[in-house]
Visitor: 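Before we start, here is the structure in question, set down as structure tokens.
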Amino acid sequence: MMTTNKAEKTAPTQTGTVTYINGPVVKGAGMSEANVMELVYVSDERLAGEIINLNGNVATIQVYEDTTGIKPGMPIYRSGQPLSVELAPGLVGKVFDGIARPLDLIREKQGTFIGRGVHVETIDAETKWKFTPAVKDGDTVEPGTILGAVPETPLLEHRIVVPAGIQGTVKKIAPAGEYTVTDEIAVIETDDGDHPITMLQRWPVRRVHSLKERLKPSVPLITGQRVIDILFPLAKGGTAAVPGGFGAGKTVLQHQLASWSDADLIIYIGCGERGNEMTDVLEEFPKLKDPRSGHPLMERTILIANTSNMPVTARESSIYTGVTIAEYFRDMGYNVALMADSTSRWAEAVREIAGRLEEMPVEEGFPAYLPARLAEFYERAGYGKVGPDRYGSITIIGAVSPPGGDFTEPVTQNTKRFIRTFWALDKRLAFARHFPAISWIDTYSEYIEEMADWWQQEKHIDWRRLRQQALSILARENELQKIVQIIGPDALPSDQRLILQVAALIKEGFLQQNAMDAIDRYSTPAKEVKMIELLMHYADRAKELISHGLPVYRIQEMKVNLKLLTMKQEIPDDKLEELDKIKEEMDAEFDQLGQGLAQTAQARR
Amino acid sequence: MMANGRRVYLGVEQVSGPLVFVTGVNGVGYGEIAEVTTSFGEVRRGRVLIIDGDTVAIQVFEGTSDISATKTKVRFAGRPLMIKVSEEMLGRVFDGTGRPLDGAPLPLSGEERDINGAAINPVSRVYPENFIQTGISAIDGMNTLIRGQKLPIFSTSGLPHNRLAAQIVKQATIPGEESEFVIVFAAMGVKHDEAAYFEETFRETGALENVVMFLNLADDPSIERTITPRVALTVAEYLAFERNKHVLVIMTDMTNYCEALREVATARGDVPTRKGYPGYLYSDLASLYERTGRVIGSDGSITQIPIVSMPNNDITHPVPDLTGYITEGQIVLDPKLDRQGIYPPISVLPSLSRLMKDGIGEGYTRGDHPNLANQLYGSYARVQQIRNIASIIGEEELSAVDKKYLKFGEFFEQEFLNQGDENRTIAETLDLGWKALGVLPVEELGRLKHEQIEKYYKAR
């Protein structure tokens with residue numbers, strides 16, 4: 001970025017002094033020339049911090065590390081730069097903390113525990129990358145033009161894109177070969193002079209890096225999770241929230257989405273959550289294979305781990321670090337999916353810092369700007385044009401952890417205003433180990449129209465009808481259960497008891513999906529559709545027989561029921577013809593029931 | 001302990017609850033330990049909470065009674081609160097700040113450690129996956145405890161959480177391994193009887209020389225409770241990660257700890273959130289609970305079993321709520337089961353072990369374990385629904401299948417859950433689970449695999 005380059009050339013000399021310490025909040029005098037959001041270093045241990053407020057010559061600083069032992073009078077060094085993240089080949093497959101420091105390097109320096117004042121670069125400057133140019137001398141380029149590419153992992157080609165603000169002609173481009181991220185790979189001649197380009201860029205994390213042109217999200221993010229893909233879809237470039245009390249399965253769902261979504265790159269932010277969950281991902285992802293390419297999932301994943309016991313201020317910034325990295329890869333023309341687990345912990349970090357600044361709390365102690373902060377974050381999602389003939393997207397999925405599982409609390413309520421798919425997790429489903437515990441009553445998706453068109457055009461499937469039929473059975477069942485609670489199921493008329501039976505099959509056989517089962521954890525779109533078609537066919541045929549007087553218990557005793565319950569885990573994606581066999585068996589059984597019915601009718605006559 | 005030649009400040013500016021404000025102070029660091037001498041010469045310890053120019057706020061652990069504005073002396077230690085850790089601590093009893101209570105002197109050898117510890121680097125962790133057999137079916141079968149897990153017991157007054165914790169301590173083994181657990185016990189504001197009960201249990205099992213106890217009892221200074229678990233976990237980390245021991249940490253009662261924290265927060269004027277607890281309660285609890293697990297380069301582990309009493313048996317109260325968000329599951333006790341004489345009265349539906357998925361099944365416990373647990377959950381959840389219906393329309397009106405569910409529920413509670421002091425192997429637990437499912441028709445068992453049903457299912 002031009003601004004940062006300039007700032008580097010004029011490193012500020014002014015040094016402040018500490019006057020006040022309250023947990024992660026430090027105040028310093030003698031900071032009259034500093035900027036809000038400037039990165040500073042506190043004391044000679046050089047603890048990283050960021051200026052969040054200025055009052056005269058006093059700066060209020062949030063420090064990203066433990067402040068134990070900091071004393072008044074200690075120096076504060078300015079950097080002259082905003083808090084930024086280094087972007088270059090070498091990000092994918094890595095795990096960073098909330099301010100983009102690689103955790104494996106921290107471990108090399110400090111061992112098992114994270115100490116203070118460690119300085120490690122996000123990007124390794126020594127590694128050489130195989131660069132292939134995509135332009136030649138004299139070509140006209142603009143921000144977004146691809147200058148060349150590096151095969152960062154077998155799954156992801158890292159494209160070197162002309163940074164914002166640079167427009168002109170290529171004066172020099174490096175030939176194919178091996179380069180470090182700081183080697184000059186191009187020079188671009190512009191109206192205001194020559195710009196040398198390396199593979200390394202620095203983007204301020206709190207500044208939005210917009211799409212060239214925002215377009216309507218119209219392609220689903222295929223997740224392999226049946227309840228999502230068939231009933232409550234999310235579009236690439238869309239936003240979703242997953243609220244749920246503890247034990248409702250937010251994290252397992254986020255892990256499932258990170259594993260199986262058909263995005264090009266996954267950015268997983270463990271924001272104020274458990275350390276072991278990150279370890280789980282770190283141990284599993286190199287072993288799990290992407291169902292489309294067969295490559296380890298780690299080759300398309302970046303992890304940001306700022307766990308609950310790491311500094312709360314870095315938890316606040318982890319979200320911005322993650323979304324800035326997402327924007328960088330989006331601009332290469334990729335579909336990036338970003339998971340933030342959990343946005344409530346991020347909001348609490350915001351609240352904690354606001355509290356230490358003695359800002360006026362409005363609701364449950366949260367500051368008045370909470371909704372604005374949430375909106376800013378979710379609006380960084382989107383699909384659109386990123387360069388000449390190139391499109392990219394960021395999909396954001398935020399977990400929400402409402403206190404006491406109460407969805408009326410401020411973070412859930414304000415999040416709902418800025419997202420379009422709401423996967424409400426239901427504690428009762430979780431208690432019965434019905435996972436994913438996505439409630440079909442409280443959940444919604446605002447992408448139905450666009451997704452229905454996509455299924456129609458791309459797969460020639462009447463997805464809208466299948467979805468509507470399944471949902472209306474589930475909704476009817478929900479109503480009927482209220483009556484059953486009062487009079488018992490046997491008092492209901494046959495057609496209504498059939499609804500209960502079919503809904504039970506949909507719930508057990510389709511909606512429940514076992515994340516631990518090697519077959520069940522991911523379903524291809526073809527399997528998802530075949531399964532729901534099979535169930536709807538069952539519903540139609542059974543309904544017809546019931547209307548001709550077949551007693552419901554004959555349906556409940558059908559042999560095919562157990563097959564419909566277990567097909568999700570017994571039939572792998574490459575043996576879908578087995579599902580056709582189940583359909584044949586089902587039809588044979590229904591035919592037999594129908595004949596029996598006809599014979600009885602005949603006999604009566 | 002105090003470095004000599006440090007400046008002594010005479011008199012304090014203000015006393016507010018557990019906080020003392022001293023002015024004119026120079027060169028004191030955030031989080032430093034202070035020694036406060038009262039008018040009567042009693043020496044207390046405290047910690048620097050805020051520094052504003054030359055004014056320092058100190059949180060005094062033993063309370064601020066007898067502190068006068070003019071005669072109190074304050075001296076700063078120049079470092080945070082440390083504790084000397086060594087293997088000699090095993091078999092000893094200390095107070096809530098690490099001073100000996102058993103009459104013997106402080107261990108001579110050992111290294112000084114900052115009680116606040118540091119965060120374990122997520123890439124240094126080893127994912128826990130070794131099954132601990134507790135001998136309790138509801139835990140082993142359905143909420144399996146894993147070595148390196150933090151699994152709290154959610155309880156309320158009058159329930160046998162202490163008995164359950166003691167039983168786990170007595171029975172915990174890792175099948176196929178000889179290594180024994182070392183126990184670190186931290187009591188925060190518990191009654192004398194309760195502390196005595198645990199001491200008695202440890203003695204009975206002959207394990208007293210493998211136990212370190214830190215006792216802050218109900219009548220001890222409440223502010224001291226904010227450091228008791230930190231002292232205990234510092235010792236646990238040393239024993240686990242440097243002496244390669246398997247450490248089981250029992251912390252009781254976390255609600256008392258949180259109340260002490262709230263007391264300090266209120267005195268400091270922190271913005272209150274739910275029920276007056278400070279907004280950083282989550283982060284503070286995480287700084288304790290996350291000191292659990294296994295790390296690369298050490299054969300030891302820390303397993304935590306914190307006991308959380310839920311005021312009013314309300315699981316949405318901030319303490320159990322935030323605990324559940326941090327810990328890897330929870331064991332919930334139910335007064336209704338307790339009234340029916342079922343022990344342990346574990347309510348399995350809201351209970352959960354997040355780590356069990358990777359520590360059970362083929363190669364760990366038995367191949368059918370994951371699906372069996374899943375099926376028991378599903379079927380028992382159905383029992384609850386049917387019971388609701390039966391309570392309105394009467395049992396006679398239920399369908400034949402629903403009646404079988406009621407029978408299953410009965411067997412499950414009376415035989416599977418209710419086991420008293422029996423110590424069951426994992427195979428016994430799983431077989432009992434199959435026996436319970438035998439009450440149900442096979443068509444109801446959609447979560448089990450075909451071959452598992454063939455092998456284990458016997459209709460009854």
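Below, read A as the first sequence line, B as the second, and so on, with proteins coming before strands; counting in each chain starts at 1.
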Visitor: Measuring heavy-atom distances to chain B, does A:Val95 have an atom under 4.5 Å in its side chain, in its backbone, in both, or in neither?
Guide: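 The side chain, not the backbone.
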Visitor: Side chain, backbone, both or neither: which part of A:Asp517 has a heavy atom under 4.5 Å from chain B?
Guide: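 A:Asp517 touches chain B through side-chain heavy atoms alone.
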Visitor: Pick one of side chain, backbone, both or neither for B:Asp52, based on which atoms fall under 4.5 Å of a heavy atom in chain A.
Guide: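 For B:Asp52, backbone and side chain are both near chain A.
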Visitor: So what's closer than 4.5 Å to chain A heavy atoms on B:Val56: side chain, backbone, both or neither?
Guide: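 When you check distances to chain A, no heavy atom of B:Val56 falls under 4.5 Å.
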Visitor: Tell me, side chain or backbone of B:Ser379 under 4.5 Å from chain A's heavy atoms, or both, or neither?
Guide: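 B:Ser379 has no heavy atom closer than 4.5 Å to chain A.
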Visitor: With a 4.5 angstrom heavy-atom cut-off, is it the side chain or the backbone of A:Arg315 that approaches chain B, or both, or neither?
Guide: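 Only the side chain of A:Arg315 comes within 4.5 Å of chain B.
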Visitor: Less than 4.5 Å to any heavy atom of chain A: does that hold for the side chain of B:Pro278, its backbone, both, or neither?
Guide: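 For B:Pro278, neither part sits under 4.5 Å from chain A.
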Visitor: Give the member of A:Asp406, A:Leu565, A:Leu282, A:Thr279 that has the highest number of heavy-atom pairs under 4.5 Å with chain B.
Guide: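 The answer is A:Thr279.
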Visitor: What option among A:His434, A:Gln512, A:Gln110, A:Glu570 has the most heavy-atom pairs under 4.5 Å with chain B?
Guide: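 Option with the top pair count is A:Gln512.
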Visitor: Is A:Glu283 in contact with chain B via its backbone, its side chain, both, or neither, using a 4.5 Å heavy-atom distance?
Guide: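 A:Glu283 touches chain B through side-chain heavy atoms alone.
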Visitor: When heavy-atom pairs shorter than 4.5 Å are enumerated against chain A, which of B:Ile315, B:Ile51, B:Val123 gives the highest number?
Guide: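 Top count of heavy-atom pairs under 4.5 Å with chain A: B:Ile51.
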Visitor: Does any heavy atom of chain B fall under 4.5 Å from the side chain of A:Asn276, the backbone, both, or neither of them?
Guide: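 It is both, since atoms from each part get that close.
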Visitor: With side-chain contact (heavy atoms from CB on, under 4.5 Å) as the criterion, how do B:Tyr380 and B:Leu349 come out once you've worked through the C-alpha distance, each side chain's angles and the decisive distance to 0.1 Å?
Guide: CA-CA 8 Å; B:Tyr380 189 59; B:Leu349 295 183; 3.9 Å; yes
Visitor: Looking at B:Thr303, is its backbone amide N or carbonyl O close enough to the side chain of B:Thr292 to form a donor-acceptor pair, meaning the two atoms are under 3.5 Å apart?
Guide: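 Between the backbone of B:Thr303 and the side chain of B:Thr292 there is no qualifying donor-acceptor contact (under 3.5 Å).
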Visitor: Please flag which part of B:Gln330 lies under 4.5 Å from any non-hydrogen atom of chain A: side chain, backbone, both or neither.
Guide: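 Side chain of B:Gln330 only, per the 4.5 Å heavy-atom cut-off to chain A.
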Visitor: Do you know which of A:Ala29, A:Ala432, A:Gly365, A:Gly272 has the most heavy-atom pairs under 4.5 Å to chain B?
Guide: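 Greatest number of close heavy-atom pairs with chain B: A:Ala432.
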Visitor: Would you check if A:His255 and A:Tyr268 make a side-chain contact, meaning some heavy-atom pair closer than 4.5 Å?
Guide: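 Result yes, sub-4.5 Å side-chain heavy-atom pair found.
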Visitor: Tell me, out of B:Gly78, B:Pro370, B:Pro272, B:Pro128, who's got the most heavy-atom pairs with chain A below 4.5 Å.
Guide: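 Top option by heavy-atom pairs under 4.5 Å: B:Pro128.
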Visitor: Is it the side chain or the backbone of B:Glu237 that comes within 4.5 Å of chain A heavy atoms, both, or neither?
Guide: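 Side chain only.
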Visitor: Compute whether any side-chain donor of one residue and acceptor of the other, for B:Ser287 and A:Asn309, lie under 3.5 angstrom apart.
Guide: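 The answer is no; no qualifying pair exists.
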Visitor: With a 4.5 angstrom heavy-atom cut-off, could you sort out which part of B:Asp314 is near chain A: side chain, backbone, both or neither?
Guide: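 Neither part.
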Visitor: From A:Ile21 CD1 over to A:Ile70 CD1, what is the distance, rounded to the nearest 0.5 angstrom?
Guide: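 Result: 7.0 Å between the selected atoms.
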Visitor: Side chain, backbone, both or neither: which part of B:His317 has a non-hydrogen atom closer than 4.5 Å to chain A?
Guide: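 The answer is neither part of B:His317.
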Visitor: Side chain from CB out, backbone as N, CA, C, O: work out which of these in B:Tyr289 comes under 4.5 Å of a heavy atom of chain A, or both, or neither.
Guide: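 Nothing of B:Tyr289, per the 4.5 Å heavy-atom cut-off to chain A.
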Visitor: Between B:Asp270, B:Asn388, B:Ile296, B:Asn374, which residue shows the highest count of heavy-atom pairs closer than 4.5 Å to chain A?
Guide: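 The option with the most such pairs is B:Ile296.
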Visitor: Ignoring hydrogens and geometry, is there a side-chain-to-backbone donor-acceptor pair from A:Asp520 to A:Asn514 under 3.5 Å?
Guide: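 Side chain of A:Asp520 to backbone of A:Asn514, a donor-acceptor pair under 3.5 Å: yes, one is there.
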Visitor: Is it the side chain or the backbone of B:Ser391 that comes within 4.5 Å of chain A heavy atoms, both, or neither?
Guide: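 Contact with chain A is absent: no heavy atom of B:Ser391 under 4.5 Å.
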Visitor: When only pairs under 4.5 Å are counted, which of A:Arg351, A:Arg345, A:Glu409, A:Glu364 shares the most heavy-atom pairs with chain B?
Guide: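 Option with the greatest count: A:Arg345.
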Visitor: Salt bridge (charged side-chain N to carboxylate O under 4.0 Å, His left out) between A:Asp280 and B:Lys357: does it pass, once the steps are laid out?
Guide: CA-CA 11 Å; A:Asp280 192 15; B:Lys357 64 184 170 69; 2.9 Å; yes
Visitor: Could you list the residues that satisfy salt bridge (charged side-chain N to carboxylate O under 4.0 Å, His left out) with B:Arg447, not counting sequence neighbours?
Guide: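 Salt bridge (charged side-chain N to carboxylate O under 4.0 Å, His left out) check on B:Arg447 returns A:Glu508.
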Visitor: So for A:Pro403, is it side chain, backbone, both, or neither that comes closer than 4.5 Å to the heavy atoms of chain B?
Guide: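 A:Pro403 touches chain B through backbone and side-chain heavy atoms alike.
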Visitor: Side chain from CB out, backbone as N, CA, C, O: work out which of these in A:Glu348 comes under 4.5 Å of a heavy atom of chain B, or both, or neither.
Guide: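 For A:Glu348, the contact with chain B is made by the side chain alone.
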Visitor: Heavy-atom distance under 4.5 Å to chain A: side chain of B:Leu288, backbone, both or neither?
Guide: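 It is neither, since no heavy atom gets under 4.5 Å.
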Visitor: Go through the atoms of A:Pro102 and report whether side chain, backbone, both or neither lie under 4.5 Å from a heavy atom of chain B.
Guide: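 For A:Pro102, neither part sits under 4.5 Å from chain B.
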Visitor: If you count heavy-atom pairs under 4.5 Å between each of A:Asn561, A:Ile486, A:Val252, A:Val312 and chain B, which one has the most?
Guide: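 Of the candidates given, the most pairs with chain B belong to A:Ile486.
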Visitor: Who passes salt bridge (charged side-chain N to carboxylate O under 4.0 Å, His left out) against A:Glu277, sequence neighbours left out?
Guide: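 With sequence neighbours excluded, A:Glu277 shows a salt bridge (charged side-chain N to carboxylate O under 4.0 Å, His left out) to A:Arg274, given in chain and number order.
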Visitor: Say you draw a straight line from NZ of A:Lys27 to CZ of A:Arg356; how long is it, rounded to the nearest 0.5 Å?
Guide: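 One gets 12.5 Å once the value is rounded to the nearest 0.5 Å.
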Visitor: Got more than 12 heavy atoms from elsewhere within 6.0 Å of CD, A:Gln481?
Guide: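 Yes, because the 6.0 Å sphere around CD of A:Gln481 holds more than 12 heavy atoms from other groups.
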Visitor: Just give me the residue among A:Ile487, A:Thr307, A:Leu562 that pairs up with chain B most often, heavy atom to heavy atom, under 4.5 Å.
Guide: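 The residue among A:Ile487, A:Thr307, A:Leu562 with the greatest pair count is A:Ile487.
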Visitor: Taking side chain as everything from C-beta outward and backbone as N, CA, C, O, which of these in B:Arg294 sits under 4.5 Å from a heavy atom of chain A? Side chain, backbone, both or neither.
Guide: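 Interface part for B:Arg294: neither.
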Visitor: May I ask you to name which of B:Thr316, B:Val271, B:Leu322, B:Ile120 has the most heavy-atom pairs under 4.5 Å with chain A?
Guide: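 Of the options given, most contacts go to B:Ile120.
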Visitor: With distance as the sole test, does B:Tyr325 use its side chain to make a donor-acceptor pair with the main-chain N or O of A:Pro402 at under 3.5 Å?
Guide: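 It does hold such a pair.
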Visitor: Within the 4.5 Å heavy-atom criterion, are B:Met82 and B:Ile115 side-chain neighbours or not?
Guide: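 No; the side chains remain at least 4.5 Å from each other.
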Visitor: Any heavy-atom pair between the side chains of B:Val295 and B:Val126 that's under 4.5 Å?
Guide: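 No, their side chains stay 4.5 Å or more apart.
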Visitor: Determine the option with the most heavy-atom pairs under 4.5 angstrom with chain A, choosing from B:Ala381, B:Pro122, B:Gly269.
Guide: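 Option with the top pair count is B:Pro122.
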Visitor: How long is the straight-line distance from CG of A:Leu511 back to CD1 of A:Ile506, given to the nearest 0.5 Å?
Guide: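 Reported to 0.5 Å precision, the distance equals 7.0 Å.
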Visitor: Between B:Thr327, B:Val348, B:Leu448, who has the most heavy-atom pairs with chain A when the cutoff is under 4.5 Å?
Guide: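 The option with the most such pairs is B:Thr327.
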Visitor: Can you tell me if A:Thr251 and A:Asp341 form a side-chain donor-acceptor pair at under 3.5 Å?
Guide: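 The criterion, which ignores hydrogens and geometry beyond distance, is satisfied for A:Asp341 and A:Thr251.
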Visitor: Roughly how far, to the nearest 0.5 Å, is CD1 of A:Ile353 from CG of A:Leu357?
Guide: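 So the CG of A:Leu357 and the CD1 of A:Ile353 are separated by 7.5 Å.
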Visitor: Should B:Asp358 and B:Tyr364 count as side-chain neighbours, where that means a heavy-atom distance under 4.5 Å?
Guide: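 The answer is no; the side chains never approach within 4.5 Å.
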Visitor: Non-hydrogen atoms of chain A under 4.5 Å away: do they reach the side chain of B:Glu32, the backbone, both or neither?
Guide: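 Only the side chain of B:Glu32 comes within 4.5 Å of chain A.
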Visitor: Side chain, backbone, both or neither: which part of B:Lys150 has a non-hydrogen atom closer than 4.5 Å to chain A?
Guide: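 Side chain only.
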Visitor: Taking NZ, NE, NH1 and NH2 as the nitrogens, is one of them in A:Arg116 or A:Glu65 under 4.0 Å from a carboxylate oxygen of the other?
Guide: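 Answer for the salt bridge query: no.
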